[in-house]
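So the structure is just underneath, and the comments pick up after that.
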2 protein chains.
Amino acid sequence: MYERKTTPNLNCGLDLIGEVLYGKWKMRLLWFIGQGHKRPSELQRKIPDASRRVLNVQLKELEQHELVTRKIYPVVPPKVEYSLTEFGKSLIPVIGAIGEWGDANSERLREVIAKTLTHSDIGN
Amino acid sequence: MYERKTTPNLNCGLDLIGEVLYGKWKMRLLWFIGQGHKRPSELQRKIPDASRRVLNVQLKELEQHELVTRKIYPVVPPKVEYSLTEFGKSLIPVIGAIGEWGDANSERLREVIAKTLTHSDIGN
DNA sequence: CTGTATCCTACGAGATACTG
DNA sequence: CAGTATCTCGTAGGATACAG
């Protein structure tokens with residue numbers, strides 16, 4: 001978890017939600033957990049570009065922000081499951097809207113993003 | 001404008017939109033421009049926490065991503081106006097949904113955010 | 001299967017001072 | 001009023017290696 005030195009100025013909803021959703025993989029984590037992919041290894045497979053460490057960091061932040069809960073099963077090998085809280089669930093439609101717009105405009109988005117990359121060569 | 005060294009992996013809409021919306025003030029810039037606050041000084045007043053430089057940087061990125069256009073009036077003193085493109089306009093409902101959720105849950109959000117601040121003391 | 005501890009780097013963003 | 005040039009710094013996130 002990162003230690004924050006500065007204190008943000010939170011004026012509007014756009015700001016507040018940013019605090020909680022800022023983090024490269026958070027929206028996708030919430031999304032996949034909502035889809036029923038709850039175990040760390042599963043999430044890791046769904047988001048292979050993220051390192052295990054960062055996934056854990058962001059999951060812990062989501063937990064602290066009360067968007068997900070973490071349940072540990074005392075078995076060997078260890079088993080952990082993340083679930084959305086009610087609060088987290090209420091965010092899913094918003095994330096859905098964002099993702100839909102992104103999917104619907106993926107063509108266009110790839111174009112404009114490609115234009116701004118200095119060493120162009122998009123990964124896929 | 002920042003020079004990017006790494007090349008992102010863009011798999012899904014959530015990823016793609018992130019590329020274009022990542023930036024501390026971009027959503028609010030789009031929002032305010034959509035509301036008709038088009039001039040730099042106006043936007044600066046709306047978002048006083050951002051420095052002029054960063055506002056310009058992010059506006060230029062939004063322009064390159066074809067979400068806004070920039071129009072210069074050849075008068076003295078100089079006058080500039082930003083407007084949403086059709087592409088940019090199509091994003092507004094999404095930003096609206098995000099902002100609404102944030103506003104609707106601002107109480108709760110402030111709480112959970114406060115808990116995670118190490119040197120607590122929220123600005124407002 | 002889980003998670004944590006180090007170390008390291010790119011880059012977002014602020015401050016300030018300057019030009020047209 | 002609008003924009004750019006430097007300089008600087010914090011920190012998010014990757015790599016790797018290890019531990020329960």
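Chain naming here is simple, since letters A, B, ... match the order of the sequence lines and numbering starts at 1 in each. Model, not experiment: these values are computed from the prediction.
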Item to check | Carboxylate-amine/guanidinium proximity below 4.0 Å for A:Lys89 and A:Glu86 | outcome: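 Looking at A:Lys89 and A:Glu86, the cut-off is met.
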Looking at [X], I'd like to know whether one of its side-chain N or O atoms comes within less than 4.0 Å of OP1 or OP2 on [N].
X       : N      : value
A:Tyr22 : C:dA13 : yes
B:Gln44 : D:dA2  : no
B:Arg70 : D:dG3  : yes
A:Lys60 : C:dT4  : yes

Send over the distance from [X] [atom1] to [N] [atom2], rounded to a whole Å.
X       : N      : atom1 : atom2 : value
B:Glu63 : D:dA2  : CD    : C1'   : 14 Å
B:Arg53 : D:dT4  : CZ    : P     : 11 Å
A:Leu29 : D:dA12 : CG    : C1'   : 15 Å
B:Asp49 : C:dA13 : CG    : P     : 13 Å
A:Lys38 : C:dT2  : NZ    : C1'   : 18 Å
A:Lys71 : C:dC1  : NZ    : C1'   : 18 Å
B:Asn56 : D:dA5  : CG    : P     : 11 Å
A:Leu55 : D:dA12 : CG    : P     : 16 Å

Next on the checklist: Quick check on B:Gln35: does its CD atom have over 12 non-hydrogen neighbours (other residues, nucleotides or ligands) under 6.0 Å away?
Outcome noted: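 Counting neighbours around CD of B:Gln35, more than 12 heavy atoms of other residues, nucleotides or ligands fall under 6.0 Å, so yes.
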Next on the checklist: Heavy atoms only, 4.0 Å cut-off, all strands: where does B:Lys24 land among base, sugar-phosphate and nothing?
Outcome noted: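 Sugar-phosphate contact only.
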Next on the checklist: Both A:Ala50 and B:Pro77 contact DNA chain D. Taking the nearest nucleotide for each, which residue is further toward the 5' end?
Outcome noted: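 Here B:Pro77 is the residue nearer the 5' end.
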Next on the checklist: Using heavy-atom distances to pick each residue's nearest nucleotide on DNA chain D, tell me which of A:Gly23 and A:Arg52 is more 5'.
Outcome noted: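 Its nucleotide being nearer the 5' end, the pick is A:Gly23.
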Next on the checklist: Please report the interatomic distance CG(B:Leu62) to CH2(B:Trp25), rounded to the nearest 0.5 Å.
Outcome noted: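 Atom-to-atom, B:Leu62:CG and B:Trp25:CH2 are 14.0 Å apart.
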Item to check | Residue pair B:Glu19 / A:Ile113: nearest heavy atoms and the distance that separates them | outcome: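 Where B:Glu19 meets A:Ile113 most closely, the heavy atoms are CB-CD1, 3.4 Å.
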Checklist entry - Picking from C:dG14, C:dT2, D:dG13, which would you name as closest to the side chain of A:Gln58? => result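 For the A:Gln58 side chain, the nearest candidate turns out to be D:dG13.
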Checklist entry - Taking for each residue the nucleotide of DNA chain C bearing the nearest heavy atom, is the 5' side occupied by A:Val80 or by B:Pro78? => result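 With A:Val80 and B:Pro78 compared, the 5'-side residue is A:Val80.
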Next on the checklist: By nearest heavy atom, map B:Ser51 and A:Glu42 onto DNA chain C; which one lands nearer the 5' end?
Outcome noted: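 Comparing both residues, the 5'-ward one is A:Glu42.
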Next on the checklist: Quick one, A:Leu21 and A:Leu30 - any side-chain contact, counting heavy atoms below 4.5 Å?
Outcome noted: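 Yes - at least one pair of side-chain heavy atoms lies under 4.5 Å apart.
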Next on the checklist: Can you tell me whether the side chain of A:Arg39 and the base of C:dT2 have a donor-acceptor pair closer than 3.5 Å?
Outcome noted: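 Side chain to base: no pair below 3.5 Å.
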